[in-house]
Every structure is written in C-alpha cells, then in structure tokens.
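Naming: A, B, ... by sequence-line order, numbering from 1 per chain.
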Amino acid sequence: MTLSADRTTGRLPDAFLRPGSSSFVDFLAEHAPDRLPGNRVMPAGVTDPASLSPHATTIVALTFDGGVLLAGDRRATAGPMIASRSIEKVFPADEYSAVGIAGSAGIGLELVRLFQLELEHYEKIEGSLLSLTGKANRLATMLRANLPMAMQGLAVVPLFAGYDLDKGTGRIFSYDATGGRYEEHEHHGVGSGSIFARGALKKLWRRGMDAEAAVHVAVEALYDAADDDSATGGPDTVRGIFPVVATVSVDGYQRIEDAEISRVAEQIVAQRRERGHLA
Amino acid sequence: MNMPFYVSPEQLMKDRADFARKGIARGRSVVVLAYDGGIAFATENPSRALHKISEIYDRIAFAAVGKYNEFENLRVAGVRYADMRGYSYDRSDVTARGLANAYAQTLGTVFITESKPLEVEIVVAEVGATPEDDQIYRLTYDGTVADEHGFVVMGGQAEQLGRKVKDGWRENMSLGEALRLAVAALGSGEGSSSRTIEAAQLEVAVLERDRPRRSFRRLARQVLADLLADGAKTSSGETSGDDLPPADELPVGTATPGTATADTVPPDTVPLDTTDTGDTGTASTGADTTGTGPEGPADASPTEEKPDERPEAPGGTPETDR
C-alpha cells in the first residue's frame with residue numbers, strides 16, 4: 001500500500017480519487033490501516049504494557065455562562081517517577097471544541113492528533129462543521145478502535161468539551177476505554193486526581209459563573225487534586241509551569257495566558273495560607 | 001478493401017485538447033491574484049454550497065474551472081493527499097509544489113490514457129511568509145504546469161480577462177484594490193460591454209499571510225460588499241465579526257496608483273512541462289518529483305503542440321490558455 005508515496009508515477013493514487021467518506025479515519029482504515037493508532041499488535045510476553053508509555057493524569061471540565069472550560073495539569077508519570085513536568089494534555093480539537101487526555105500518554109497524543117485532523121478533514125471536504133454531538137461521536141468511534149490496546153493496559157480516557165453552536169451552550173462529554181460516550185452536566189473530571197478535583201468542583205461550581213470565575217474554579221480544583229494525588233502536578237512557580245486552561249465559547253477556542261494562570265494560582269495559595277495549614 | 005482505421009498521434013492529441021478546451025471555455029472564469037497581505041481568489045458563482053475555490057491545507061488553496069464533478073474529485077484527492085502527508089510527516093511538509101506535481105501527473109495520465117481528458121483547469125496556490133515566497137501554479141487539462149507570478153485568469157474568456165487584469169495588476173495592491181480589479185475583469189464581457197457583479201453573485205476567498213496556521217478564509221457577503229464599495233468607507237465590515245482591517249488601512253507601501261509604473265513588474269510565466277520539473281531550477285526536486293514516469297514522453301507531446309495551437313501568444317503568457 002503506497003498511499004502518500006506515489007513513488008512510481010508521481011500521480012495521485014486511485015484511492016485518493018475514489019469518491020468516499022468525508023472521514024479521514026475511514027479513509028485510513030480502508031486504504032492504509034497500518035497507520036491507524038489502534039491497529040498495532042502488542043507482542044506477546046510484555047508483562048506490563050502500561051509501563052511502556054508515561055501516564056497522563058488529571059483533566060477537569062466545567063461549563064460557565066456562555067461556554068465551557070477545559071483544564072489539565074502538566075504532569076506525566078511513569079510508575080513512581082515523574083516522566084514529564086511540562087506535558088500538555090489539553091488541546092483544541094477544532095475552532096469550537098477542546099479535548100483533554102488522561103491515561104496512556106503516547107496513545108492519547110496520537111489519538112488527539114488524529115482527532116484534530118479528522119475534524120479538519122471533514123470541514124474541508126464538506127465545507128461545513130460537524131455538529132458538536134457528531135464530533136463527540138467521532139471521538140467515541142476512534143476510542144472504540146483502541147479497545148485491544150486498552151485491554152492490555154494502554155487505555156486512553158479523553159474528556160471532550162465544546163461550544164454547541166446550535167444550542168448556544170457549552171457541553172461536556174466523557175468516555176470510557178470501550179468507547180462509551182456520556183454527556184456530563186455542569187462539570188466533570190478524569191484521571192488519577194479526578195476524585196479530588198471533582199470534590200472541589202462540586203463545592204466551587206456555581207450556576208451563571210463567568211469565564212474568569214470558571215478559570216479560578218478550574219485552577220483551584222487542579223490544586224486540590226495535586227494536593228492529594230502524587231501523579232498530579234500543582235502550579236510550579238519555580239519553573240513557571242502552570243496548568244493549561246482553555247475556554248471555548250461563541251468566539252472559539254482560547255487558551256488562557258500563563259501569566260493569568262500564575263496570578264490565579266497565587267491568589268489561591270494566598271487564600272489557603274490565610275485559612276490555615278489544613279485547608 | 002477496407003483501410004485500417006488510423007488517426008495520427010498529432011491529430012489525436014489535438015482533438016483531445018480541443019475537446020477539453022471547449023468544455024473549460026463554457027465555464028465562468030476564476031481570477032487569482034496576489035495582494036500585499038496574501039493571495040485572493042474571485043469568481044462569479046451565485047451558489048453558496050458548490051464552491052470553485054477551496055481550502056486544501058494550512059497555506060494552500062485550490063481554485064478550478066470546468067466540470068464540477070471532475071474538479072471536485074481532484075479537490076477531494078488534494079485534501080486527502082495533503083492531510084495524509086501532514087499526518088505522516090509534519091504540517092510544514094505539505095507544499096503546493098508537491099501537490100501541483102501530483103495533480104500534473106494525474107491530469108497528464110488521464111489526458112493520455114483515458115477515453116476523455118478531464119475538462120478542468122486548476123490553480124494551486126500557497127501563501128508564503130513573504131510575498132516573494134508566494135507560489136501560484138496553474139495546471140491545465142493535459143498536465144502542463146505553469147509557475148505563475150502575480151496573477152492567473154482561467155476559464156471562459158481567460159485571454160480577454162487576463163489582459164484586463166494584466167493591465168491593472170501591480171505588486172503590493174491592497175485587498176480592496178485587488179478585488180475591485182478582479183471583479184471588474186470578471187464583469188467585462190464580450191466586446192466593450194461590461195457589467196457590475198453584485199457581491200452576492202461572487203465567491204471570494206483569500207489566503208491571508210498573517211493568519212496563524214489555517215490561512216484560508218472566505219469573505220462574507222457584507223465584508224466583500226464593503227471592500228468593493230470603493231475602499232474608502234468600510235466601517236460596517238466589523239459588524240460581521242471579521243478581523244480584516246478596512247481596505248484603506250491595509251499597508252499599500254509606496255505603490256500608490258500614481259507611482260505604480262515604477263513598481264510594476266511584468267508578469268513572467270515559466271511554462272513547465274511536468275516531465276521537466278526535475279531539471280528546471282524553479283521547481284527543484286523533492287520526494288515528489290520522481291523524474292520521467294512511464295507516461296513521460298507521451299506527456300510532452302501536447303506541450304510541443306502549443307505553438308501551433310495558440311499562435312496568438314507564444315511564450316505561454318497567462319492569457320494564452322482558454
């Protein structure tokens with residue numbers, strides 16, 4: 001299968017010219033299945049496949065008035081070790097949606113790259129955007145293809161958030177490793193520190209918050225997760241590494257500047273200091 | 001006694017070329033021209049859904065005239081080619097030159113081997129970091145590639161419209177100026193009759209140099225109407241949520257109409273036969289240029305015929321092809 005190659009004649013391969021689906025993943029599955037991330041065979045005898053790739057940790061999402069926010073800490077772990085202090089796990093999926101990953105980092109990052117391309121490819125071929133539910137379903141399909149890997153310990157658990165242009169609201173979708181898709185309301189979290197982050201979100205989330213308040217809540221939830229979960233990284237003021245926080249609204253995807261996150265993080269630390277050691 | 005049925009290769013190629021040209025000439029023209037902030041594409045197309053101008057990749061756009069189903073097929077193939085390449089390597093490894101080569105080989109092969117040539121003419125354009133890095137490739141039904149400078153007109157009355165654009169085009173035009181020139185050219189019909197084309201009848205898109213990542217943008221009707229109005233007052237452009245600066249605020253450099261003659265660069269066209277791309281300096285070899293394919297020698301024949309077919313303009317200037 002020489003797809004992008006066209007080595008012998010230089011012309012576009014017939015597969016490119018054949019009318020077909022608007023999905024890049026379908027196109028790959030049909031004409032170059034070896035390039036799909038899920039189609040790898042794990043060699044026998046690997047006792048602990050999960051140790052092959054670092055583990056990405058906590059992602060939180062919450063809605064606010066006029067949009068949705070997605071945030072993730074910056075740590076990846078390999079067993080008890082910190083594999084990365086500055087990994088980014090929250091990405092724009094397209095102009096009106098964002099995706100964050102927890103679980104096996106290598107596979108997760110590849111999944112995100114393919115998902116971004118999938119949405120862009122559809123948009124270019126069709127000349128219009130997929131509906132938000134359509135995007136969420138595409139991600140579920142792609143995740144389902146990864147099930148064999150997940151069963152061997154290389155699971156990816158994404159969190160998908162986007163602005164629904166038809167309904168005019170932000171929406172959150174969570175997934176399980178089998179490709180199950182669940183719509184979440186108000187707020188949600190995935191990853192190792194999500195138990196603590198969700199606890200914090202439950203207490204801090206308010207109806208009708210604006211984007212600025214939502215950023216504060218997200219950073220505080222991640223702060224709580226980092227406080228109790230060793231695999232979640234807190235704001236690193238020494239190195240200047242802060243959680244990735246992005247909002248999606250009618251104006252599109254927007255990543256909040258590090259300077260702003262730094263300011264919010266300092267505020268939270270100051271509040272906690274005031275409350276006492278155990279806060 | 002029956003004579004064996006024989007058609008000389010020259011006649012065969014000429015018939016195919018005439019057939020393709022006739023099909024292309026029926027369509028409405030597309031004007032592609034460089035302006036100071038990128039590359040603009042304009043055509044008369046009342047449809048909002050069936051596009052003749054499309055995005056291929058971050059910095060690359062596609063424009064076509066001719067049979068819709070044929071160029072739509074090529075467009076989709078181009079998007080697949082670009083996305084596949086970008087996915088396999090990196091986004092920066094997708095180039096207009098590579099795509100133009102792939103299109104050229106495809107068109108060339110179909111012209112020689114299929115029962116009918118594709119009745120299309122294509123422009124593949126890539127906006128660079130500076131105006132010097134802009135690339136505009138024009139591909140004809142037989143697989144000929146031309147590396148154009150500044151502007152291209154193709155379709156219906158390409159020759160006539162091309163002359164008009166040639167007279168008015170200069171480097172560093174503002175977007176408003178460029179579009180007014182393009183629309184004026186599109187509206188100039190047979191003879192001296194000219195008409196004004198409404199913004200609603202136009203399909204206009206730009207590759208904007210300063211946009212991060214995906215630089216392709218369609219101009220909404222209102223933005224376009226304001227730009228065409230005369231560029232003096234474009235205040236309502238902001239209402240459509242557009243970040244484009246009004247035409248009169250775009251930096252036009254020193255090239256004001258009065259001094260334009262000094263800056264005017266005659267458009268020079270480098271006609272390239274697809275089989276020669278490996279040898280010419282302008283299109284240096286890469287992974288895509290594999291030299292002469294099996295259909296290579298046959299590919300060359302339609303090009304060699306050109307002086308006979310188009311005696312009106314030797315040298316392959318943009319207005320020669322119809």
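Looking only at side-chain heavy atoms (C-beta outward), A/E95 and B/R214 stay at 4.5 Å or farther from each other.
Note that CD of B/Q105 is 9.5 Å distant from CG of A/L12, once rounded to the nearest 0.5 Å. The structure places CD of B/E55 at 6.5 Å from CD of A/E123, a figure rounded to the nearest 0.5 Å.
Heavy-atom pairs under 4.5 Å with chain A peak, among B/V76, B/I56, B/D83, at B/D83. Counting heavy-atom pairs closer than 4.5 Å to chain A, the top-ranked of the candidates B/G86, B/G78, B/A77 is B/A77.
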Go through the steps to decide whether A/L17 and B/R80 satisfy the test side-chain contact (heavy atoms from CB on, under 4.5 Å), and finish with yes or no.
-> CA-CA 9 Å; A/L17 291 157; B/R80 286 176 177 163; over 6 Å; no
Report the C-alpha distance between B/Y87 and A/L28 in whole Å, list the side-chain angles of each, state the deciding distance to 0.1 Å, and finish with yes or no for side-chain contact (heavy atoms from CB on, under 4.5 Å).
-> CA-CA 11 Å; B/Y87 182 62; A/L28 274 188; 3.9 Å; yes
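For B/N69, no part sits under 4.5 Å from any heavy atom of chain A, backbone or side chain. Of the two parts of B/R91, only the side chain, counted from C-beta on, holds a non-hydrogen atom closer than 4.5 Å to a non-hydrogen atom of chain A. Using a 4.5 Å cut-off between heavy atoms, B/F216 makes no contact with chain A at all.
Across every non-hydrogen atom of B/R75 and A/I125, the tightest pair is NH2-O, 2.8 Å.
Remark: A/Q152 CD is packed, more than 12 non-hydrogen atoms of other residues, nucleotides or ligands lying under 6.0 Å away. Within 6.0 Å of NZ in A/K167 there are 12 or fewer heavy atoms belonging to other residues, nucleotides or ligands. Other residues, nucleotides and ligands contribute at most 12 non-hydrogen atoms within 6.0 Å of the CD atom of A/E212.
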